[in-house]
Amino acid sequence: MIPLFNVAMSEQAALDRVAGVLSSRRLEHGPVVAEFESALAGEIGNPRLVALNSGSSGLHLALDIATRGTPPGEVLCTPLTFEGTNWPVLANGQRLRWVDVDPATLNMDPDDLARKITPETRAILLVHWAGYPVDLRRIQHVVAEAELRFGIRPVVIEDCAQAWGATYRGARLGNHGNLCVFSFGALKTLTCGSGGLLVLPDDELYERARSRRFYGINRNSARAHGDYDVSEWGFRFYLNDIGAAIGLANLGSVAELSARHRENASYYDKELAGLDGLELTERADDREPSFWVYPVKVDDRESFMRRLADAGIATSLISRRNDAHSCVAGSSTPLPGLDSVYDRVVYLPVGWWLSEQDREHIVDTIRVGW
């Protein structure tokens, strides 16, 4: 079976670095996390970032920074995502309000977003789904219009879990003035085994994030004598040095792996264009996706998936539309854009592990029909 996902691990480098951490006995709060953060800052081009134990922790922390001290309100979210995006909203005591999906991109529809901002809006939580960047300039305009209309400027949080290396208007995600969260989970192109990253737009938010990821305690204070104060309580969200060591070992090869994802996606773009019963998603010139997976919209999805499975090709829906879960039934609202495309979307393998023969086999199988 050609897998939809795979684990990108620089095995010997990871073993050597992890062995170094174990022999040092500094498993947490050691120098390797700082080294990893410095390397990530160089990659992204933004030094204001904090390494965390998961992407979901990053979203929880970002929402906490955005909403603490304000009355409970609404966070505008997309239901076409993994549950790890939206459940931190509930954990922060906020209400989910669903924004419709643009069928062309599978991302949040900026027009519906503009319609749904109210004085109750506390934050906008958008997702670069499958690694395709949201139109961030359009989002900036929507937020600016909301500020003029309501006197509020909702904080924008970008879920970049699937979008490592993606760019918008020539700049890496993490450089567009918002709070950005990356995931370094086991199946991500850059993995720590389990890890995440919160990137901040200014120094004040950066300092708050650094403090709150470890209970609100300043690690440089004289804690041995109890001579410190916690002014803002926080969480146990920090990344340990073992995870950082794995991430550092993998960072050197991630650009090559990402390039392979894009090469495979370009091949699919050419070979699958114009097929009856199959529609590709948008490709805009001002952004470069990561292509964590390759989404297509097909007629008779069940037959399509069965045909590929019979040919030894894994496909998936990845996750259920989040608004369909019973725990958020009270947030239900009409979403015609998502309704028009949800039963057609399926995801193909596009990763670095595909050989030329693999991707040819995938295309040939689809071309035969289902």
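Hydrogens, waters and symmetry mates play no part in the numbers below; they use all other heavy atoms, side chains included.
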- Looking at Trp164, does the NZ or CZ of Arg172 lie under 6.0 angstrom from its six-membered ring centre and within 45 degrees of the ring axis?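 Yes.
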- Item | Geometric cation-pi criterion, Arg137 with Tyr168: 6.0 Å, 45° |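 No, a cation-pi geometry is absent between Arg137 and Tyr168.
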- Distance (rounded to the nearest 0.5 Å) between Leu197 CG and Cys180 SG: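 Rounded to the nearest 0.5 Å, the CG-SG separation comes out at 9.5 Å.
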- Please round to the nearest 0.5 Å and tell me the distance separating atom CD of Glu282 and atom CG of Asp102.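 If I round to the nearest 0.5 Å, the distance is 6.5 Å.
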Only distances under 3.5 Å count here; give the side-chain donor-acceptor pairs of residues 200-207 to other protein atoms, sequence neighbours excluded, each with its distance to 0.1 Å.
unit_1	atom_1	unit_2	atom_2	d
Asp202	OD1	Glu204	N	3.2
Asp202	OD1	Leu205	N	2.8

- Do the ring planes of His29 and Tyr238 sit parallel (below 30°), tilted (30 to 60°) or perpendicular (above 60°)?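 Tilted, since the angle between the ring planes falls between 30° and 60°.
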- Task: Find out whether Glu271 and Arg359 are in side-chain contact, i.e. whether some heavy atom of one side chain is under 4.5 Å from a heavy atom of the other.
- Result: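 The answer is no; the side chains never approach within 4.5 Å.
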- Query: Side-chain contact, heavy-atom cut-off 4.5 Å: Asp241 with Pro31?
  - Reply: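 Touching, per the 4.5 Å side-chain cut-off.
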- With sequence neighbours left out, what residues match Arg26 under salt bridge (Lys or Arg N to Asp or Glu O under 4.0 Å)?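 Residues passing salt bridge (Lys or Arg N to Asp or Glu O under 4.0 Å) with Arg26: none at all.
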- Message: Can you list everything that forms a side-chain hydrogen bond (donor to acceptor under 3.5 Å, both in side chains) with Asp100? Sequence neighbours excluded, please.
- Response: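 By the side-chain hydrogen bond (donor to acceptor under 3.5 Å, both in side chains) rule, Asp100 matches no residue at all.
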- By side-chain hydrogen bond (donor to acceptor under 3.5 Å, both in side chains) - contacts of Arg320 (at least two apart):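 Arg320 satisfies side-chain hydrogen bond (donor to acceptor under 3.5 Å, both in side chains) with no other residue.
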Under 3.5 Å, which donor-acceptor pairs do the side chains of residues 69-83 form with other protein atoms, sequence neighbours left out?
unit_1	atom_1	unit_2	atom_2	d
Thr70	OG1	Thr67	O	2.6
Thr78	OG1	Leu80	N	3.2
Thr81	OG1	Thr85	OG1	2.7
Glu83	OE2	His325	NE2	2.6

- Item | Between Arg208 and Ser211: side-chain donor-acceptor atoms closer than 3.5 Å |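 No, no side-chain donor-acceptor pair sits under 3.5 Å.
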- Item | Side-chain donor-acceptor contact under 3.5 Å, Asp269 with Ser266 |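 Their side chains do not contain a donor-acceptor pair, so the 3.5 Å distance test is not met.
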- Message: Here's a test for you: under side-chain contact (heavy atoms from CB on, under 4.5 Å), which of Leu257, Val254, Asn264 qualifies with Trp352?
- Response: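 The passing option is Leu257.
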- Item | Nearest heavy atoms of Ala8 and Thr189, plus distance in Å |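 Minimum heavy-atom contact is CB-O, 3.8 Å.
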- Message: Tell me every residue that passes ring-ring contact (aromatic ring centres under 6.0 Å, His included) with Phe235, counting only those two or more places apart in sequence or in another chain.
- Response: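 Checked Phe235 against ring-ring contact (aromatic ring centres under 6.0 Å, His included); matches are His60, Trp233, Phe237.
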- Stepwise side-chain contact (heavy atoms from CB on, under 4.5 Å) test for Gln12 and Asp16: CA-CA 6 Å; Gln12 190 57 52; Asp16 291 344; 2.9 Å; yes
